[in-house]
Amino acid sequence: MPADEQDVIPVPAVAVQADDLLTRDGTASFLEADRRVRLLPTEDVAHADVLIVLTAAVSGKTLSLMSRANLASGGRVRVVLIADTISEQQLALAVNHGLVSFLVRPYTSFSQIVAAAVEAYQGRAVLPPVLMSMLLDRMRTMQRTESHSGLLPIELSQREVDVLQLLAEGLDTVEIATKLSYSERLIKSVIQAVIKRLELRNRTHAVAYAIRMGIL
C-alpha cells in the first residue's frame with residue numbers, strides 16, 4: 001500500500017448550529033479552513049459525526065435542537081456545546097441528547113472548538129471538573145430516588161469499576177493508567193469495551209450509567 005494511503009487519518013464530519021447567523025458563519029468559516037475536520041452544511045446534521053452548538057444561554061430550544069439532531073442521526077452524533085453557563089438539570093438532559101463536551105463560551109477560541117470536535121469524534125469528553133461533579137451528584141440523586149427504575153442489572157469487572165471510578169473523579173486516561181499501573185492503551189480499551197457492551201454514547205454517559213445503577 002502506498003505510504004500516502006497508509007497515512008490517511010479519518011476526520012470528523014462536523015455541522016454547526018448557533019443562536020445567530022454571525023456566530024454560526026464565523027465558526028463555520030474557521031472550521032472549513034481547518035483540515036482536522038470536514039464541514040457539512042448546517043442542515044445536514046443527520047450525516048454529522050459531531051454537532052457544534054453555540055449559544056449564549058442554554059434553553060429549552062437548545063435542548064430540543066440537540067434532541068432532534070440525536071434522532072436524525074440515529075443517536076450517532078456527538079454534541080459539543082459552547083455556552084456561557086448550564087444548569088445541573090440542563091446538563092443531565094443534554095447528556096441524554098448526545099452531549100460529549102461543554103466549553104465555556106467567553107474563554108473558548110476557535111482552535112479549542114476544533115480540538116474538542118476532534119476529541120469528541122475520538123470518544124473523548126471535555127467537561128470542566130465542576131460540571132462533571134454536578135452531573136455525578138445529580139446521577140447519584142437519581143439512583144437513590146429511582147429504586148424501581150426498571151434497569152436491568154449489569155456486570156462489570158473490578159478493573160472496569162476502578163477505571164470508571166477514577167473517570168468520575170476527573171482523571172484522564174494517562175492519570176488513570178499511572179494510578180492503576182496499567183498502560184494508557186489498556187485503559188482506553190477498557191473504557192471502549194464498557195461503552196460498546198452497554199451501548200452507551202461516551203465516557204461521561206458510561207460513568208453516569210454506572211452511578212445510576214448503583215455501581216459507583
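All residue numbers in this chain count up from 1 along the given sequence.
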With sequence neighbours left out, write down each residue that passes salt bridge (charged side-chain N to carboxylate O under 4.0 Å, His left out) with Glu175, or none if nothing qualifies.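 None.
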
Salt bridge (charged side-chain N to carboxylate O under 4.0 Å, His left out) partners of Arg159, counting only residues at least two apart: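 Arg159: no salt bridge (charged side-chain N to carboxylate O under 4.0 Å, His left out) contacts found.
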
Any chance you could measure [X], atom [atom1], to [Y], atom [atom2], to the nearest 0.5 Å?
X      : Y      : atom1 : atom2 : answer
Glu32  : Thr27  : CD    : OG1   : 12.5 Å
Asp34  : Leu39  : CG    : CG    : 10.5 Å
Leu103 : Ile82  : CG    : CD1   : 5.5 Å
Asp162 : Gln165 : CG    : CD    : 8.5 Å
Leu65  : Ser59  : CG    : OG    : 9.5 Å
Asn70  : His97  : CG    : NE2   : 8.0 Å

Work out which heavy atom in [X] is nearest to a heavy atom in [Y]; give both atom names and the distance.
X      : Y      : value
Ala13  : His47  : CB-O, 4.0 Å
Ala117 : Val50  : O-CG2, 3.5 Å
Ile195 : Asn202 : CD1-C, 3.5 Å
Ala15  : Pro41  : CB-O, 4.3 Å
Ser73  : Val77  : OG-N, 3.0 Å
Tyr121 : Pro12  : CG-CB, 3.4 Å

Let me check something: do [X] and [Y] share a hydrophobic cluster, defined by ILVMFWY side-chain heavy atoms less than 4.5 Å apart, either directly or through other members?
X      : Y      : result
Val194 : Leu166 : yes
Phe30  : Ile113 : yes
Val114 : Val100 : no
Leu164 : Val190 : yes
Leu40  : Ile52  : no

Hey, is Arg76 close enough to Asp49 for a salt bridge, meaning N to O under 4.0 Å? yes

Can you check side-chain contact (heavy atoms from CB on, under 4.5 Å) on Arg35 and Val11, steps first, answer last? CA-CA 8 Å; Arg35 294 185 178 181; Val11 297; over 6 Å; no

Start with the C-alpha gap between Leu71 and Arg68, add the side-chain angles, then the distance that decides, and say whether side-chain contact (heavy atoms from CB on, under 4.5 Å) holds. CA-CA 5 Å; Leu71 290 172; Arg68 291 194 302 271; 5.8 Å; no

Beyond-backbone contact of Lys188 with Ile191, side-chain heavy atoms, under 4.5 angstrom: no

Would you say Gln90 and Thr62 make side-chain contact, with heavy atoms under 4.5 Å?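 Side chain of Gln90 against side chain of Thr62, heavy atoms only: no contact under 4.5 Å found.
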
Here's a test for you: under side chain to side chain contact (heavy atoms under 4.5 Å, CB included), which of Ile176, Val174, Thr178 qualifies with Glu184? Val174

Out of Val53, Leu81, Asp84, Thr85, which residue meets the side chain to side chain contact (heavy atoms under 4.5 Å, CB included) rule with Val58? Leu81

Between the main-chain N or O of Val104 and the side-chain N or O of Thr108, is there a donor-acceptor pair closer than 3.5 Å?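 Yes, the answer is positive, given that a donor and an acceptor are paired below the 3.5 Å cut-off.
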
Contacts of type side-chain contact (heavy atoms from CB on, under 4.5 Å), residue Ser109, not counting sequence neighbours: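 Scan of Ser109 (side-chain contact (heavy atoms from CB on, under 4.5 Å), adjacent residues dropped) gives Ser111, Gln112.
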
